[in-house]
Structures are given as structure tokens and as C-alpha cells.
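Lettering follows sequence order; numbering is per chain, from 1.
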Amino acid sequence: MHRYRSHTCGALRADAIGTEVRLSGWCHRIRDHGGVLFIDLRDHYGITQVVADPDSPAFKVAETLRSEWVVRIDGKVRRRPGGTENPELPTGEVEVYAREIEVLGPAAELPMPVFGEQEYPEDIRLKYRFLDLRRERLHRNIIKRGAIIDSIRWRMKEQGFFEFQTPILTASSPEGARDFLVPSRLHPGKFYALPQAPQQFKQLVMISGFDRYFQIAPCFRDEDARADRSPGEFYQLDLEMSFVTQEDVFAAVEPVIRGVFEEFAEGKPVTAKFPRIPYAEASIKYGTDKPDLRNPIVICDVSEEFNDPSVTFNAFKNLIKAGGIVRAIPAPGAAAQPRSWFDRLNDWARSDMGAAGLGYIVFNTIERETAAGGANTARLGAAGPIAKFVPDNVLRRMAEKAGLNSGDVLFFSAGTEPAAAKLAGAARTRIGEELNLIDKDRFEFCWIVDFPMYEWNEEEKKIDFSHNPFSMPNMAPDAFLALDPADRDSILALRAIQYDIVCNGVELSSGAIRNHRPDIMKKAFAIAGYDEAVLEQKFGGMLHALSLGAPPHGGIAPGIDRIVMLLCGEDNLREVVLFPMNQRAEDLMMGAPSEATSKQLRELHIRVVKPEQG
RNA sequence: GGGGGCGUAGCUCAGUUGGUUAGAGCGCUAGCCUGUCACGCUAGAGGUCGCGGGUUCGAGCCCCGUCGCUCCCGCCA
């Protein structure tokens, strides 16, 4: 018999009754009835009930066992007595009557029990991650993560992609985030950077003629964490294709993503064909470039309506005169909400969003009647602090624009375009949640397309790249090369061939058709105010490669951790990462980061200068 | 860098208007219990109320500061 086990703790069924078996695992739960003692023995595969009574030679040892001790148990499989079967367990028909117990690894008192569904503070969970990982939910998430990555791999390979491994120790890349630096021993004063993404490498793979690249790629960024943004490191499904248009990338990626989601969504519906929403449209309708399409609320612009001469609401009129806008957020059925609900939303807008407020009009009745002549008339009953400043005909226009029904409420977000859109987007999310309009049990995807190539940096009064500087501008090359850098309007109106995949309000990935022409690249950087020397110094190698026969190419890089997070139904990446860091980018279990020894620092030619206290 | 929330037993939490000796459940220790599967029953141990200062006759509770965790903004595909 094997030293540790003949079966796993999830293996035994009725057909094993009568056989001698050997199991090893953790004492999940022990129930001592004095005369008879039950041990739920747990391993990766499941739980099997072990029984010992005073007739068993193992009884004495069994009485000393405690939670989470690791033991080996020899015994005979027997059918549980009638009426004591446990239908909750796959092994619930049988039990093992213990003949011999060997303690393989005793456990001290646990800082955090493994058994049960109790929640624990993050720092304790992270410090004792190995205990947390024994628990069912995290254990299942990590296994699911592996299965998802397997599925992604075969789906990619099936589409003719090859997996490559790119360097971890490399040079700084142009993603725009802060780099993690690694000091060089051989080159005093010089540093490697960990890749923020294998962006340049995958483009070089295309220039090398490999045609279809992918990698489950570790990426490193020294930026502050969020619930959906791991500190330090994360994984991307990084992919790149040669001789492709945006359509080709969509056609390659969408089936992989949809397929993976359908495979692991446990029956929840997945968008059949991802709709494409231009960036500008998403900004108006959803107030964000990562809309949650499970939320049925659609924002509309009502600047024109509020600017109507018959409207006397000057707070908005003045804003519009100063170049601002007004967005309307419909809240279906919200007329039934108490006054305090509206006040709370208004308080939220003021305190959390730093807005002047969230005005609203309650549309109590909107009755459309077809008059004898065939013309539509409608009776309106509107209420709320703003209603009296807006005449009926304008109210009617707003109601129609926003698609309102009787009993709906229209909230208003006013201000500069970005601020008003952002508040409207946040209000849309909040109202959708409060009114319970969001069906959590589905995966709603979309592509966001037509991102602006540049944006105006108000602080520095200059034009910046708005996203990835390596994207191809969506303009005929000759026209682009002829652009006047001073023609700010044309430049800010320019789109890049760049796209995002969004699912349930989570940005899953972003990609682009790359700029593979050095002349266009130089022009693109010149528009953003980089002279050729800077470009040459920072991306000289890349430029050179592009000048020696580069195929048109493009790709995308969906975030693995976020995909797994969505499919596990979690709202924090830590629940799907094996050994995550805390929000301050510390590994509480391993004690990272830690100080280096003076010998290490000497070898690296590094002197540490700590920030002054206070 | 900024804002919000939280911090009381190993863990999850309660703690009234500032008032005697700070409680419960789980866990732990001991005892009892022969069919449980969140077993049950009895008893016990376990506390610098995050830390420091202040107000007060008296502070877990009020004030100031500080530290830690977390969520968000900034930042970041």
C-alpha cells in the first residue's frame, strides 16, 4: 500500500464498501461524542467521514486530534447506518472505520479557522494566506483560474496563435505607468525595468515574421492599487497579429473571450455578439468608457432643452453659456421614492462627487392621447425643485428624449463636459443599483471603439497622447503627415484605431492597430511635442525595427485576473490571485518588500537615502 | 499626496446619556455524552478597549494627535 494514501478524500463511494483503505488529509471538523468520534478528513479532492469508537485501536490517538492536524488514517470502508447518510457529500453514503491513525503534521491553535464561512480581516487573511487557501471558496477560485487559463491557451492555439516568452528584465516601455526598476550589478548606475506589458516585444515578434503571438504575460506597474487593480503585478492575455485590420482582431478575440465566458459562466447568459460603441457615444449614454450594460439606464444630453428661451432655470443656463452641458439620467419608477431618497442622492453628489448637486424632475404623469385630428398631445404632471422653471412643452421634449414613462424621474448633471459626464455616469450606476435595475446574473460585453488619439492637457497647455502612443491614427497617412500641429481642433478630433473590451462595467482589455510606419510615428510624437531626439533616445530600437520591413499589425491584451474575477463572481482581485499583496504593495506572508543587506547594496552600487520623517 | 469607513478576547461582533467588576457567539482548555455532520451539555482560561495625550470626580464612549487596515480620488489600460 502507498505510504500515504490508497484513495483521496473525495474518492470513496458505495462500491468501495468492505475494502481496506488508507487516507491522508486535514482534520476539517471533529465531533467527539465520547463513545463515538467523527473526523471529517479533508484534502484537495473532498471530505470523507472517519469514525472511531472505543473498540478501535485508533481511538486513543483519535481523541488527541485537533482541527487542521494532518493525519494518515487506515481503516475499512463501511456503509453508514441507515438514516445517517449525508446527501451533501459525494462520499456521504460511506465512512471509514479507523484502525490506525498516524499524525503527519500537528497544528497549533489557528489564527483563522479553516472551517466555516466566517469573514476575516484582510491583513489576517493575507498573512495566513495558506490557511485562507485551504478554505473552499478561495481554493475553488484558484482552481477555476487555472482551468480558465488552460481554456484560453487551447482556444488561442486553435486559432493559430503561438505562445512566446518575452524578457522580464528589460528596459522601460512607453505605457505611461511608473516602472519597477532593478539595479544592474555589472553596470553601475544603470537599471533594468520590469515590463509594464510586453508591448514592444510582441511588436518585434511581428516584425520577426511570426504572424500570430500570444502569451499569458506577467506585467508590472508601480502604481497604487484598487479593488480591480492589483498592486505591482498582474497577468494579461497578450496577443498580436500581423496583416490585420481592427475587424480581424475582433474576429480573433471575440470568440475566445465569449467561449471562455460561456464555458465558465455556469449558465449565466453571455453577450452573443459584442456591440460596438464609439467612445463619444459611450461618454454621453453611460458617462464612462467602461459602461455596465446590465444597467438599462441611458443618459441623454438636454443642454439644448435647458437653453430654450422659455426655460427660466438660470443655474443651468449660465453653465451652458459658459460652455457647459446638462446631462439627464432617467430613473425608472423613482417617483415612488420618498423625499429622503432624493436628498441622499443629492448629498452623495455633493460630498462624494464634489458636484454642486443633483437636480431632478419627477414626471408623475405622462399621458399620450391621440386627439381627433391625429396630433399627439400629452398631459404632464411634473414636480420637484426644478420643474416650475421648465414649461410643459420643454418637459415633454425631455421626457421623449429620455424615453420616460409616468412615474419616472429625470436627474440632471450639469457642468463642464467631462465633469457632467462623469457625474452622470456615477449617478447612472448608483441609481441603477438603488432601484435594483441591474441583473447580476449575466455577462454584458461591448467593444468601445474610436478612442481619441490626443487630448488637451489644460494644466500644461499642450496636446498629449490620450492613450497608447503606439496606436495608428485613423486617418489616411498622407493627410496625417500633412496635419498642422497648430490646428488643435483637427488634432483633437482625430481618432486612433484603438479599442477596449468591457464586461459588466469592468475594462477587460485594450488594444490597437499599431503604428508601424516610422514617418507616421515621428509625426505622431511631434504633434504631442516630442522632438525626434527624444523619440530616438527612448524608442530608437523600435523605430529602427519598424524601418526595416514591418508588417501592419495589431493586437489586444485582456486582463486575466479581471476575467477570472468576473467568472468567479468576485469583486476584488485578491480573491482570484494565489498570493496577492495588500493595498500598500506588501506581501504580509513573505515580508516583502524587505531591506537589502549592505553587501547586496554595495554590489549594486546603491546607497539608500530614506525620506525625512514628518 | 488627498478623502471616507473601520479598529473592543485568537476570530466575528455587542457595549444605552460618560457611571460599579467590559459582554455574547465561534475558537481554545478540562469534564460528560455511542450516530454526529455548524453535534449537544457543564465548567474554565483568555482584554494595555490600536497607540499617545487631553477634558472630567469618573472615558471603551467626548476632544486632539498618531498608527494600522480597507474603499475611493489622484495615478494607472
Side-chain angles (χ1 to χ4, degrees), chain A residues 28-42 47-56 59 63 66-68 78 80-89 91-92 95 97 107-128 131 174-179 196-197 199 219-232 234 236 238 289-290 348 351-354 422 426 448 451 465-468 470-471 498-502 506-512 556-559 561-562 571-572 574 582-584 586 588 611 613-614:
Chain A
H28 187 59
R29 194 78 177 153
I30 298 163
R31 295 175 295 280
D32 184 352
H33 289 239
V36 62
L37 187 148
F38 302 98
I39 302 159
D40 290 339
L41 196 67
R42 182 196 75 236
I47 288 179
T48 297
Q49 174 165 285
V50 174
V51 192
D53 64 25
D55 297 334
S56 162
F59 190 68
E63 281 188 311
R66 296 292 178 266
S67 273
E68 294 306 306
R78 65 187 196 190
R80 292 196 188 193
T84 66
E85 302 87 355
N86 186 348
E88 307 283 314
L89 288 179
T91 60
E95 62 191 13
Y97 181 72
E109 186 182 343
L110 302 166
M112 191 187 91
V114 170
F115 173 81
E117 301 289 311
Q118 183 71 57
E119 302 221 19
Y120 299 96
E122 286 293 336
D123 48 342
I124 291 200
R125 293 183 60 196
L126 292 174
K127 187 167 178 190
Y128 301 101
L131 290 180
E175 298 292 308
R178 195 177 292 112
D179 284 317
Q196 297 180 25
Q199 178 68 30
C219 303
F220 305 89
R221 291 178 192 162
D222 187 6
E223 296 292 349
D224 290 349
R226 290 286 183 280
D228 63 351
R229 209 165 75 205
S230 291
F234 59 95
Q236 286 183 344
D238 198 41
D289 59 2
K290 38 183 181 178
W348 160 80
S351 59
D352 287 21
M353 300 300 296
K422 190 176 170 188
I448 304 295
F451 278 81
F465 285 111
S466 87
H467 294 88
N468 186 333
F470 280 5
S471 302
Q498 185 164 344
Y499 33 83
D500 280 5
I501 294 180
V502 175
V506 176
E507 182 190 309
L508 274 192
S509 62
S510 93
I556 194 163
D561 309 86
R562 286 182 179 177
D571 50 18
N572 194 305
R574 274 196 293 263
N582 69 4
Q583 193 173 26
R584 297 184 55 208
E586 296 165 312
L588 296 177
Q613 296 298 315

Asks: Using atom NE2 of A:His28 as one end and atom P of B:rG27 as the other, report the distance to the nearest whole Å.
Replies: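 Atom-to-atom, A:His28 to B:rG27, this comes out as 12 Å.
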Asks: Choosing from B:rC37, B:rC75, B:rC76, which nucleotide comes nearest the side chain of A:Thr84?
Replies: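 Closest nucleotide among those given: B:rC37.
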Asks: Over all strands shown, is A:Ile124 touching base, sugar-phosphate only, or nothing at heavy-atom distances under 4.0 angstrom?
Replies: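 Sugar-phosphate: the residue A:Ile124, judged by heavy atoms under 4.0 Å, touches backbone atoms but no base.
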Asks: Does A:Asn572 place a side-chain N or O at less than 4.0 Å from the phosphate oxygens OP1/OP2 of B:rC71?
Replies: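 Yes, within the criterion.
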Asks: Mind calculating the distance between OH (A:Tyr128) and C1' (B:rG10) to the nearest angstrom?
Replies: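 These atoms are roughly 9 Å apart.
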Asks: Please examine the side chains of A:Gln199 and A:Cys219, heavy atoms only from C-beta on, and report whether any two atoms are closer than 4.5 Å.
Replies: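 No, every pair of side-chain atoms sits at 4.5 Å or beyond.
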Asks: Provide the distance between the two C1' atoms, one in B:rC49 and one in B:rG68, to the nearest whole Å.
Replies: 16 Å
Asks: What interatomic distance, in whole Å, is found between P of B:rG15 and the corresponding atom of B:rC61?
Replies: 14 Å
Asks: What's the CD-P distance between A:Glu88 and B:rC37, to the nearest Å?
Replies: 12 Å
Asks: Between P on B:rG35 and CZ on A:Arg29, what's the gap in Å once rounded to a whole number?
Replies: 18 Å
Asks: Heavy-atom distance under 4.5 Å between the side chains of A:Thr91 and A:Gln49, does that happen here?
Replies: no
Asks: With RNA chain B as reference, determine whether A:Arg78 or A:Leu110 sits nearer its 5' end, using the nearest nucleotide of each.
Replies: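 The residue whose closest nucleotide sits nearer the 5' end is A:Leu110.
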Asks: In whole angstroms, how far is the P atom of B:rG27 from the CZ atom of A:Phe115?
Replies: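 After rounding, the reported distance stands at 8 Å.
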Asks: Return no unless some side-chain N or O of A:Arg31 is found under 4.0 Å from OP1 or OP2 of B:rC39.
Replies: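 The answer is yes; a side-chain N or O of A:Arg31 sits under 4.0 Å from OP1 or OP2.
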Asks: How would you label the contact of A:Pro111 with the nucleic acid (heavy atoms, under 4.0 Å): base, sugar-phosphate, or nothing?
Replies: sugar-phosphate
Asks: For A:Phe115, give me all partners under ring-ring contact (aromatic ring centres under 6.0 Å, His included), at least two apart in sequence or on another chain.
Replies: A:His28
Asks: Polar pairs (N or O, both sides) under 3.5 Å between protein and nucleotides 1-8 of chain B?
Replies:
none

Asks: Just to be sure I understand: a Watson-Crick pair is purine N1 to pyrimidine N3 plus N6-O4 or O6-N4, both under 3.5 Å. Using that and G-U wobbles, which stems of three or more pairs involve RNA chain B?
Replies: B:1-7 with B:67-73, B:10-13 with B:23-26, B:28-32 with B:40-44, B:50-54 with B:62-66
Asks: When you compare B:rG10 with B:rA22, how far apart are their P atoms, in angstrom units rounded to a whole number?
Replies: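 Taking atom P in both B:rG10 and B:rA22, they lie 16 Å apart.
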Asks: Let me know the distance between CZ of A:Phe59 and P of B:rU34, rounded to the nearest Å.
Replies: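 The distance from CZ of A:Phe59 to P of B:rU34 comes to 9 Å, rounded to the nearest Å.
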Asks: Please determine whether a side-chain nitrogen or oxygen atom of A:Gln583 lies at a distance below 4.0 Å from atom OP1 or OP2 of B:rC71.
Replies: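 So the side chain of A:Gln583 is within the cut-off, an N or O lying under 4.0 Å from OP1 or OP2 of B:rC71.
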Asks: Given the P atoms of B:rC62 and B:rU17, what is the spacing between them in whole Å?
Replies: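 The same atom, P, in both gives a distance of 11 Å.
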Asks: Under 4.0 Å between a side-chain N or O of A:Arg584 and OP1 or OP2 of B:rC69?
Replies: yes
Asks: Rounding to the closest angstrom, what is the interatomic distance between B:rC76 and B:rG7 at atom C1'?
Replies: 30 Å
Asks: For the P atoms, the ones on B:rU70 and on B:rC13, what distance do you get once it is rounded to whole angstrom?
Replies: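 So the two P atoms sit 15 Å from each other.
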Asks: With heavy atoms under 4.0 Å as the rule, sort A:Phe38 into base, sugar-phosphate or nothing.
Replies: base
Asks: Looking at residues at least two apart in the chain, or sitting in another chain, which of them share a ring-ring contact (aromatic ring centres under 6.0 Å, His included) with A:Phe465?
Replies: A:Tyr454, A:Phe525
Asks: Picking from B:rC76, B:rC28, B:rC37, which would you name as closest to the side chain of A:Glu109?
Replies: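 Of the options given, the side chain of A:Glu109 lies nearest B:rC28.
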Asks: For B:rC69, does either OP1 or OP2 sit under 4.0 Å from a side-chain N or O belonging to A:Arg125?
Replies: no
Asks: Under the side-chain contact (heavy atoms from CB on, under 4.5 Å) criterion, do A:Arg562 and A:Glu507 qualify, and how do the steps go?
Replies: CA-CA 8 Å; A:Arg562 286 182 179 177; A:Glu507 182 190 309; 3.9 Å; yes
Asks: Kindly say whether, by distance alone, the side chain of A:Arg229 makes a donor-acceptor pair under 3.5 Å with the base of B:rC76?
Replies: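 Donor-acceptor pair under 3.5 Å: yes.
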Asks: Is the phosphate of B:rG74, meaning OP1 or OP2, less than 4.0 Å from a side-chain N or O of A:Lys422?
Replies: yes
Asks: Please identify each residue that fulfils side-chain contact (heavy atoms from CB on, under 4.5 Å) with A:Ser509, with sequence neighbours left out.
Replies: A:Ile501, A:Ile556, A:Pro558
Asks: Which heavy atom in A:Ser67 sits nearest to a heavy atom in A:Ile30, and how many Å separate them?
Replies: N-CD1, 4.1 Å
Asks: Can you find a pair of side-chain heavy atoms, one from A:Arg42 and one from A:Val114, that are under 4.5 Å apart?
Replies: yes
Asks: Sticking with atom P, work out how far B:rC11 lies from B:rG4, rounded to a whole angstrom.
Replies: 27 Å
Asks: Nearest to the side chain of A:Glu95 - B:rU36, B:rC75, B:rC71?
Replies: B:rU36
Asks: Restricting to non-hydrogen atoms, name the atom on A:Asp289 and the atom on A:Ile448 that form the minimum distance, rounded to 0.1 Å.
Replies: O-CG1, 3.3 Å
Asks: For the pair made of CD in A:Gln49 and P in B:rC39, what is the distance, rounded to whole Å?
Replies: 11 Å
Asks: Both A:Phe234 and A:Glu586 contact RNA chain B. Which one's nearest nucleotide lies toward the 5' end?
Replies: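 Looking at RNA chain B, the more 5' nearest nucleotide goes with A:Glu586.
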Asks: I want to check one thing: is the phosphate of B:rC69, taken as OP1 and OP2, less than 4.0 Å away from some side-chain N or O of A:Arg574?
Replies: no
Asks: Establish whether the base of B:rU36 is bridged to the side chain of A:Arg80 by a donor-acceptor pair shorter than 3.5 Å.
Replies: yes
Asks: So, do A:Val51 and A:Arg78 sit near enough that their side-chain heavy atoms are less than 4.5 Å apart?
Replies: yes
Asks: Measuring only the C1' atom in each nucleotide, how far is B:rG60 from B:rG50? A whole number of Å is fine.
Replies: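 Looking at atom C1' only, B:rG60 and B:rG50 are 12 Å apart.
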Asks: Any side-chain heavy atom of A:Arg221 sitting closer than 4.5 Å to one from A:Arg229?
Replies: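 No, every pair of side-chain atoms sits at 4.5 Å or beyond.
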Asks: Shortest non-hydrogen contact from A:Ala177 to A:Gln196?
Replies: O-NE2, 2.8 Å
Asks: Minimum heavy-atom separation for A:Gln583 to A:Ala225, with atom names?
Replies: NE2-O, 3.8 Å
Asks: Report the distance from atom CG of A:Leu508 to atom NZ of A:Lys290, rounding to the nearest 0.5 Å.
Replies: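 One gets 11.0 Å once the value is rounded to the nearest 0.5 Å.
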Asks: Distances under 3.5 Å between protein N/O atoms and the N/O atoms of nucleotides 29-33 of chain B, please, pair by pair.
Replies:
residue	atom	partner	partner atom	Å
B:rU29	OP1	A:Arg66	NE	3.0
B:rU29	OP2	A:Arg66	NE	3.4
B:rA30	OP2	A:Arg66	NH2	3.4
B:rC33	N3	A:Asp32	O	3.1
B:rC33	N3	A:Gly34	N	3.2
B:rC33	N4	A:Asp32	O	3.4
B:rC33	N4	A:Gly34	N	3.2

Asks: Taking all atoms of both residues into account, what is the closest heavy-atom pair of A:Gly511 and A:Asp500, and its distance?
Replies: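 Reported closest heavy-atom pair: N-OD1, 4.5 Å.
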Asks: Starting at atom CD1 of A:Ile39, determine the distance to atom C1' of B:rC39, rounded to an integer number of angstrom.
Replies: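 Value for this atom pair: 15 Å.
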Asks: With respect to the side chain of A:Val36, which nucleotide from B:rC76, B:rC71, B:rU34 is positioned closest?
Replies: B:rU34
